Structures are given as C-alpha cells and as structure tokens.
Amino acid sequence: MLLDLHARIKDVLRSTIRSQWNIEPPEITLSQTPKIELGELATPVSLALAKQLQRAPRGIAEELIARAGKIEGIERMEVAGAGYINFYVDRAATLRGSRVRGFATEAGKVIVEHTNINPNKAAHIGHLRNAAIGDTFVRILQAAGRNVEVQNYIDNTGVQVADVIVGLKHVEKKTIEDIQRIIKDSSVKFDYYCWDVYARVASFYELEDPKHTLRAETLKEIEEGKSETARMAELVAMTIARCHLRTMARINVDYDLLPRESDILHLKFWDYAFRELRQKDAIFFESEGKNKGCWVMRLESEGHDDDKIIVRSNGTVTYVGKDIAYQLWKLGLLKQDFRYDVFEAQQNVWVTTSSAGTPNHPSFGSGDTVYNLIDVRQSYLQNVVRQGLLGLGYEEQARRSIHFSYEVVALTPACAEELGIEISDEDRKRAHIEVSGRKGQGVKADDLLDTLENDAKQEVAKRNPELRNSEVAEIAHRIAVGALRYFLLKFTRNAIIAFDFREALNFDGETGPYLQYAAVRGNNIINKLREAEPDFDFSRVHQLLNDPKLEAFLNESNDIWELVYLALRLDEIANQVIMTLEPATLAKYAFTLAQRFSLFYHRYRIISEEDPQKRLFYVLVVDLVRESLTKALDLMGIEVPRRM
RNA sequence: GCGCCCGUAGCUCAGCUGGAUAGAGCACCGGACUUCGAAUCCGUAGGUCGGGGGUUCGACUCCCUCCGGGCGCGCCA
C-alpha cells in the first residue's frame with residue numbers, strides 16, 4: 001500500500017536527520033511531483049532544514065540521500081529544483097504491493113448521523129446533499145475497516161411537525177381517518193401533499209393566529225403523547241419518514257437506526273442530562289432579567305446577553321437541551337438506553353421506541369467517535385451542545401463529537417424563476433438565493449430524480465435502440481443516480497451550490513455519467529476480449545504481475561505508468577477524505593482517473609495489439625483501472641451500468 | 001455590533017498540513033467516428049489569484065487591514 005510507503009519514507013528521513021545533525025526533525029511532508037518524469041513523490045524537507053542548519057538546501061538534500069540508504073519500495077532518489085528530494089518508486093514492486101489490501105483497522109465504533117429531515121414534508125435537494133455527503137463518508141469509513149453505525153434522527157415532536165398538524169386540522173379540517181385515507185390513496189404522494197399543506201400554514205398563522213397559540217398548543221399535545229393530535233402527529237411523521245427513506249433508497253442511501261425525539265422525551269433522557277448539568281454547574285437558574293425563570297447556559301463571552309436558554313420558563317426543554325441528551329447517549333455517557341423495534345425488515349433498519357420493543361436487537365449508540373452531518377447554519381447551536389459536553393467535564397468526548405458541516409444548496413435566480421418563485425430585481429443580480437421551504441419553494445428530491453431518469457432514458461434509448469424498456473429504465477436509473485450524486489459531491493463542503501437544472505442535468509464533462517462511461521468502456525474491452533477469444537486465459541494477465549517483463553513494460557512509457565500509479569492511489573485518497581472530512585477530494589480523484597483512462601483508451605489499441613505480451617500488459621492495465629474506478633464510484637454510491 | 005464562510009479564466013469550481021511552470025469542466029473557435037462505442041479524444045484562446053501591507057529562502061495558501069458578497073447570533077429547530 002502506498003500509505004505504508006509514505007510512512008517508511010518519513011521514518012527513514014526522520015531518523016537520518018536525527019542521527020546526522022542531532023536535531024529534532026521538522027514535520028515531513030510528501031507531495032506529488034509536478035510531472036511523473038520527476039518521480040512519484042517529493043519532499044521539500046531540505047528547504048525547511050536550510051535555515052536551521054545554515055546550509056544550502058541542495059547540499060542538505062544530497063547528504064540526506066547519501067545517508068538514508070536503501071528505502072524499501074524506492075528505486076532511487078534525486079535532488080531537484082531548489083533542493084527537493086524526489087523519490088522514484090520501484091514500479092513493479094509498488095504494483096505488486098498494491099494487490100495486498102487492507103487498512104490497519106482502528107478499533108472503536110464510529111457513529112455517523114446524517115439526513116435528519118424534519119418529517120413534515122417531502123425531501124428537497126438540500127437534504128440530498130446532506131445524505132450524499134454522509135453516505136459517501138460512511139462508505140469510505142467502512143472501506144477503511146471501521147465499525148460504522150448510521151443514524152437518521154427523526155425530530156417527530158418539533159415545531160415543523162406541529163405546524164403541518166395545525167395545517168391538517170385547522171386549515172384542511174382533516175380528521176385522523178381522513179389522513180389515513182389519503183395515505184392509502186396511491187394517487188397521492190403523501191409527503192408532497194404535506195409539502196403543500198405546510199406552505200399554506202404560514203399565511204394561515206398570519207391571518208388567523210398571529211401569536212401562534214395553535215402551534216404552542218399542538219406542540220404541547222404532541223410532546224405529551226396520548227391525545228388524538230399526538231396520534232395524528234405520530235402517523236404523519238412516521239409516514240413521511242417512510243417516504244424519506246424511500247427517496248434516499250433511490251440514491252443508494254440507507255440507515256441502521258432511526259432515533260426519535262419522542263422517545264428521548266418519553267424515556268426521560270433529558271431528566272438525567274438535566275440532573276448532571278445542574279450538579280456540575282453547567283447551567284444556571286435565572287431569577288431575574290429577561291431570562292427570568294429559565295435555566296441557561298453561559299457561553300464563553302462575558303455578559304449575560306449571550307446566555308443560551310436550555311429550559312424555558314414554562315419548564316419545557318429547547319432543542320439544544322434534547323440534543324445534549326442525545327449526544328450523551330451517542331457517546332455512551334447516558335446511563336440509559338432506548339428500546340428498539342424493526343422499522344423496515346428488508347433493509348434491516350431499526351427505530352427507537354418507548355414501548356416494550358424487541359428483546360433481541362443489535363447494540364446501538366456508545367460511539368467512540370461521532371460525526372454529526374449538519375449544515376453550517378447550525379454551527380452556533382452545535383457549539384452550544386459542545387459547550388454542554390465541556391461543562392459536564394467530557395473534554396475528550398467533546399473532541400470526538402464532530403460537527404461535519406457543509407454549505408447549503410441555493411438556487412440560481414434563473415432557476416428560481418423557472419420554478420415560478422417571485423424574486424426581486426436585487427435578487428436577480430445575485431449569484432444564488434436561498435428559498436423558503438416554509439413557503440413551499442424549492443426543488444423536491446423525487447421530482448429532480450424523476451427528471452434525471454427521464455432524460456437519461458431518452459439518451460439510453462437513442463444510443464441503444466435494441467434494449468428492452470426494463471433494461472433502459474434500469475440503466476437510466478443508474479445514470480440518474482450517478483449524475484446526481486457526483487453533482488452533489490464534486491463541490492467542496494463549504495461551497496454553496498447554486499442549483500441550476502441545466503448544470504445538474506448535464507451528462508457531459510465533469511459529471512457522474514462521464515465516470516460511468518469510462519468504467520463501462522473498460523468493462524467492454526474485457527467483455528469483447530472474452531467474446532472474441534473464448535479460450536483467452538485471464539490467469540495469464542495476473543501471472544504477468546510476477547513476470548520480469550512487467551518491469552520493462554512499466555518503465556517503457558511514463559503515460560501508462562502515470563495511469564497505473566493514479567489507480568493505485570485510491571486508498572491514499574480515501575484516507576485523506578477521512579482526515580479532512582472532504583469527500584470532494586474523492587470525486588475529483590475519480591474524475592481525473594477517468595480522464596486519464598479515456599486518454600489511454602484513445603491512444604492504445606488493446607485487443608488488436610499484436611505483441612502478445614504487450615497485449616497482456618494492456619489488459620492488466622485496463623483491469624487495474626476499471627477495478628479502481630469502480631471502487632471509487634462505489635464509495636460515492638454510484639453504480640456502473642452494463643452499457644450506456 | 002459580534003462570530004463564521006466566500007472572493008482564482010466569460011460562467012461554475014479545484015488547488016492537499018506554505019513549495020517546482022496556478023489547473024479542470026462548461027461556453028466559444030478549429031480538428032478526430034470504416035477501429036475496444038464520439039455520453040469520447042486532441043488543439044487554440046482566456047488569469048494583476050478582490051485591493052494594500054506584513055511574515056518567509058519561498059504566499060492562491062499564514063497574519064493585519066480595507067472593499068465586496070453570503071450566513072448565523074430567538075423561551076424556533
């Protein structure tokens with residue numbers, strides 16, 4: 001593995017620097033060379049040492065090379081430029097070594113919490129970004145051998161659910177029986193129906209209930225459970241949660257557990273957290289001032305203006321309070337557990353419950369590291385939760401409870417207008433505008449997926465007139481998912497995505513289908529070869545790995561080696577994603593790999609190559625690259641179609 | 001007011017913990033299908049990295065400051 005090679009190089013350099021000059025070595029960085037002709041890896045460490053040693057960097061580099069001796073996997077080292085040390089790897093050995101897979105598995109359970117959509121209306125593109133990033137991160141952690149648990153928190157007792165219930169009861173005048181009928185009606189998408197109801201509630205409040213007393217009453221009823229309103233909320237929230245899971249399943253996202261806020265309330269998780277917070281003086285009771293009667297948390301800054309209310313004067317707990325209790329449970333610091341039931345047997349999804357539950361359930365919670373995928377607008381609240389953990393004295397756990405933040409998906413002004421949203425002249429000049437889900441604005445996830453699938457179907461049918469409809473649909477589905485997931489992943493986390501249909505529906509250039517196309521081509525070559533020569537012995541391709549000729553082939557051309565070397569870097573890139581929490585790195589890597597492969601594809605004839613040994617070598621290259629590309633796509637939740 | 005983020009080619013974005021000549025895609029223009037499939041490939045053009053200071057052998061990257069833009073700061077989540 002390349003990561004092992006990196007570690008070896010750093011070790012040797014460190015010990016050489018120590019023994020040679022008797023100093024503590026600086027942080028050693030390895031970077032890619034600008035051109036493969038200059039070797040594969042480089043370090044500017046001599047430049048860093050130059051000042052300390054009062055010597056010219058090139059001289060230091062020469063001395064380091066002379067004293068370092070032989071490094072396993074490195075063929076030679078050279079001084080270059082201002083004083084870089086360039087490493088030329090032993091190409092054949094590196095390739096052979098890469099066949100031995102497996103990370104040094106880090107012990108400890110990782111919990112990734114993502115998606116977390118309020119269960120009161122259909123999912124939109126912003127939710128898709130959250131799920132795509134979260135699920136990709138999960139896949140990478142799993143590939144790295146980590147024990148991962150995926151949680152999708154269901155805020156079924158929050159204000160947003162209360163609002164849609166107000167809409168159903170007081171605007172639409174629906175009873176629980178009416179709602180049951182609507183849910184059963186297969187011509188109605190229930191999450192879409194609620195999307196519209198929710199949009200109507202805003203104006204209802206404005207006209208009929210400006211003080212939101214109905215909201216407060218409804219919220220209280222929902223929190224207490226038992227009542228007809230509570231049962232209606234339960235029905236609505238869980239039905240919509242089911243819709244969300246179905247939407248996410250379309251883009252290959254799934255979960256292990258759905259923790260529900262109602263269970264945090266009913267099982268009294270908060271009571272324990274509250275006791276702890278009071279005992280350790282992490283929160284204070286306010287007996288005067290604007291926060292009179294509340295329990296508040298004092299944040300870093302001096303005055304009381306920044307105090308955050310945790311328990312309201314009427315005794316109810318804010319979201320932050322409930323989240324602190326939930327975080328404690330996730331970190332295994334709460335002396336209580338949920339009860340559990342199977343939610344979807346087929347996909348093996350579990351849900352928390354306050355009733356008896358199922359005795360033989362897997363063990364949930366108690367993560368050593370917890371990642372919370374929440375958009376950047378909630379940084380302030382996440383920080384309050386963190387302060388809560390610190391206030392309880394859990395410094396180490398606070399460090400391992402990580403806010404994995406990302407920017408939102410906005411719309412381009414043009415896109416907003418296409419959707420019929422009225423925008424001002426000022427907005428029209430902006431790069432992007434955030435639209436209000438409360439007003440029913442935005443792009444629904446299922447609508448976008450439907451559009452993508454239809455577009456893809458047309459393209460597939462056009463190119464493959466002989467395919468049956470069911471096959472066209474299957475391929476189009478994979479292409480749609482590829483286009484969507486790649487589109488959501490290629491932007492770095494803190495870039496705001498200005499959504500635009502033209503760009504999102506594009507299948508050319510830096511897109512998911514481009515990557516899929518490259519993989520399909522690789523597969524086609526192998527398939528064609530099987531077809532043309534049924535008795536072609538593929539074991540000979542892998543035997544080539546141990547053939548002395550391999551070295552000659554790899555050294556013969558830098559362009560092929562560059563492609564092979566890039567394919568070998570997947571593990572290194574995956575590791576980088578884990579360290580930096582930046583899945584876009586993987587997306588960019590996969591794109592570059594596909595690009596290089598396409599170039600190779602055009603430059604070399606594989607099946608018609610006349611030299612039989614060279615042909616074997618080319619087949620080996622194709623096999624290596626398609627394996628790496630397919631794996632990279634899989635880590636992004638993208639499947640390779642049979643053909644395109 | 002305080003805090004966080006952003007400003008790189010016409011547009012949308014990369015640029016790893018400071019390192020070698022700042023890179024892609026789209027759009028534009030010009031080429032390549034009788035070949036393993038052109039959802040592809042090749043080429044041309046396009047940048048005072050928002051401005052100004054500073055640190056450094058070296059700054060798109062770090063610090064300060066200014067300008068422009070976004071977001072957050074609720075007894076909502």
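Note that the coordinates shown come from a computational prediction; the quantities given were computed from them, not determined experimentally. Per chain, numbering begins at 1; letters A, B, ... match sequence-line order.
Across all strands shown, A/D455 has no heavy atoms under 4.0 Å from either base or sugar-phosphate atoms. Using a 4.0 Å heavy-atom criterion, one finds that A/S608 contacts no nucleic acid atom at all. Residue-level contact check: A/S598 touches the backbone only, with heavy atoms under 4.0 Å from sugar-phosphate atoms and none from bases. Counting any heavy atom pair closer than 4.0 Å across all strands shown, A/R643 reaches a base atom. Among the heavy atoms of the strands lying under 4.0 Å from A/E434 are primed sugar atoms or P, OP1, OP2 only; no base atom is included. Note on A/E407: nothing from the nucleic acid sits closer than 4.0 angstrom, heavy atoms only. Across all strands shown, A/D155 has heavy atoms under 4.0 Å from sugar-phosphate atoms exclusively, and none from any base. Using a 4.0 Å heavy-atom criterion, one finds that A/L30 contacts the bases of the nucleic acid, with or without backbone contacts as well. At a threshold of 4.0 angstrom between heavy atoms, the contacts of A/F507 include nucleobase atoms, whether or not backbone atoms are also involved. Residue-level contact check: A/A82 touches neither bases nor backbone, having no heavy atom under 4.0 Å from any strand. Within the 4.0 angstrom heavy-atom criterion, only backbone atoms of the sugar-phosphate kind lie near A/R377; the bases stay farther away. When heavy atoms are screened at a 4.0 angstrom cut-off, A/A50 is found touching no nucleic acid atom at all. Residue-level contact check: A/V460 touches the bases, meaning some heavy atom is under 4.0 Å from a base atom. Across all strands shown, A/K429 has no heavy atoms under 4.0 Å from either base or sugar-phosphate atoms.
Put simply, A/R430 has a side-chain N or O that comes within less than 4.0 Å of OP1 or OP2 on B/G70. Residue A/R463 has no polar side-chain atom (N or O) positioned under 4.0 Å from OP1 or OP2 of B/G37. The phosphate of B/C41 has OP1 or OP2 within less than 4.0 Å of a side-chain N or O from A/Y514. For the pair A/Y517 and B/A39, the criterion of a side-chain N or O lying under 4.0 Å from OP1 or OP2 is met. For the pair A/N494 and B/C6, the criterion of a side-chain N or O lying under 4.0 Å from OP1 or OP2 is met. When the side-chain nitrogen and oxygen atoms of A/Q576 are compared with OP1 and OP2 of B/U17, none of them lie within a distance under 4.0 Å. Close to B/G37, at under 4.0 Å from its OP1 or OP2, lies a side-chain N or O of A/K528.
Looking at A/R428, its side chain never comes within 3.5 Å of a backbone N or O of A/P413 through a donor-acceptor pair. The closest donor-acceptor contact from the side chain of A/R596 to the backbone of A/L566 lies at 3.5 Å or more, if one exists at all. Checked by atom type and distance alone, the side chain of A/R58 pairs as donor or acceptor with a backbone atom of A/G81 at under 3.5 Å. No side-chain donor-acceptor contact under 3.5 Å links A/R493 to the backbone of A/I133.
Using cut-offs of 30° and 60° on the angle between ring planes, the pair A/F597 and A/Y601 is tilted. Ring orientation note: the planes of A/H127 and A/H244 are tilted relative to one another, at an angle of 30° to 60°. Between A/Y486 and A/F591, the ring planes lie tilted relative to each other; the angle falls in the 30° to 60° range. Using a 30° and 60° split on the angle between ring planes, A/Y205 and A/H212 fall in the tilted class, from 30° to 60°.
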Dot-bracket line, read 5' to 3' along RNA chain B, where crossing pairs take [ ] and | marks a partner on another strand, Watson-Crick or G-U under 3.5 Å: (((((((..((((.....[...))))..((((.......))))......(((((..]....))))))))))))....
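Summarising the geometry, the separation between CZ on A/R521 and P on B/U40 is reported as 8 Å, rounded to the nearest angstrom. Whole-Å rounding puts the A/L219 CG to B/A77 P distance at 8 Å. Atom CG of A/L593 is separated from atom C1' of B/A24 by 15 Å (rounded to the nearest Å). Rounded to whole angstrom, the span from the CG atom of A/L381 across to the C1' atom of B/G74 amounts to 10 Å. Spacing between atom CZ of A/F499 and atom C1' of B/U12 amounts to 14 Å, rounded to whole angstrom units. Atom-to-atom, CD of A/E582 to C1' of B/G15 comes out at 12 Å; the value is rounded to the nearest Å. When the C1' atom of B/G3 is taken as reference, atom NE2 of A/H403 falls 15 Å away, rounded to whole Å. The nearest whole Å value for the distance from the CE atom in A/M579 to the C1' atom in B/C16 is 12 Å.
Both A/Q378 and A/I525 sit near RNA chain B, but only A/I525 has its closest nucleotide nearer the 5' end. The residue among A/R502 and A/I606 whose nearest nucleotide of RNA chain B lies closer to the 5′ end is A/R502.
Of the P atoms belonging to B/U61 and B/G54, the separation is 14 Å, rounded to the nearest Å. Only the P atoms considered, B/G53 is 27 Å distant from B/G15, to the nearest whole Å. Atom name C1', nucleotides B/C13 and B/C73: the rounded distance is 30 Å, in whole Å. The gap from the P atom of B/C6 to that of B/G10 amounts to 22 Å, rounded to the nearest Å. The P atoms of B/G43 and B/U48 are separated by 24 Å, rounded to the nearest whole Å. Nucleotides B/U40 and B/G46 place their C1' atoms 24 Å apart, quoted to the nearest Å.
In summary, the side chains of A/D209 and A/T213 do present a donor paired with an acceptor at a separation below 3.5 Å, with no hydrogens or angles considered. For the residue pair A/Y514 and A/D508, no side-chain donor N or O sits within less than 3.5 Å of a side-chain acceptor on the partner.
Distances from the side chain of A/N506 to the nucleotides B/A39, B/U40, B/C26 place B/C26 closest. Distances were taken from every side-chain heavy atom of A/H602 (C-beta onward) to each of B/U40, B/A39, B/G25; the shortest belongs to B/U40. Comparing B/C26, B/C75, B/C57 by their nearest atom to the side chain of A/K51 picks out B/C57. Considering only side-chain atoms of A/L38, the nucleotide from B/A20, B/A38, B/C73 that sits closest is B/A20. Relative to the side chain of A/E459, the nucleotides B/A77, B/A39, B/C41 differ in distance, and B/A39 lies closest. Here the nucleotide nearest the side chain of A/L599, chosen from B/C75, B/C41, B/A24, is B/C41. Relative to the side chain of A/S31, the nucleotides B/U21, B/C16, B/A39 differ in distance, and B/C16 lies closest. For A/R605, whose side chain is taken as the heavy atoms from C-beta onward, the closest listed nucleotide among B/U35, B/G25, B/G70 is B/U35. Comparing B/A39, B/G25, B/A20 against the side chain of A/N86 picks out B/A20 as the nearest. For A/N291, whose side chain is taken as the heavy atoms from C-beta onward, the closest listed nucleotide among B/C26, B/C75, B/C73 is B/C75.
Between A/T157 and the choices A/E223, A/E261, A/K322, the side chain to side chain donor-acceptor pair (under 3.5 Å) rule is met once, by A/E261.
With a glycosidic angle no further than 90° from 0, B/C33 counts as syn.
The shortest non-hydrogen separation linking A/A162 to A/I222 is CA-CD1, 3.8 Å.
Taking only distance into account, the side chain of A/S313 meets the base of B/C75 through a donor-acceptor pair shorter than 3.5 Å.
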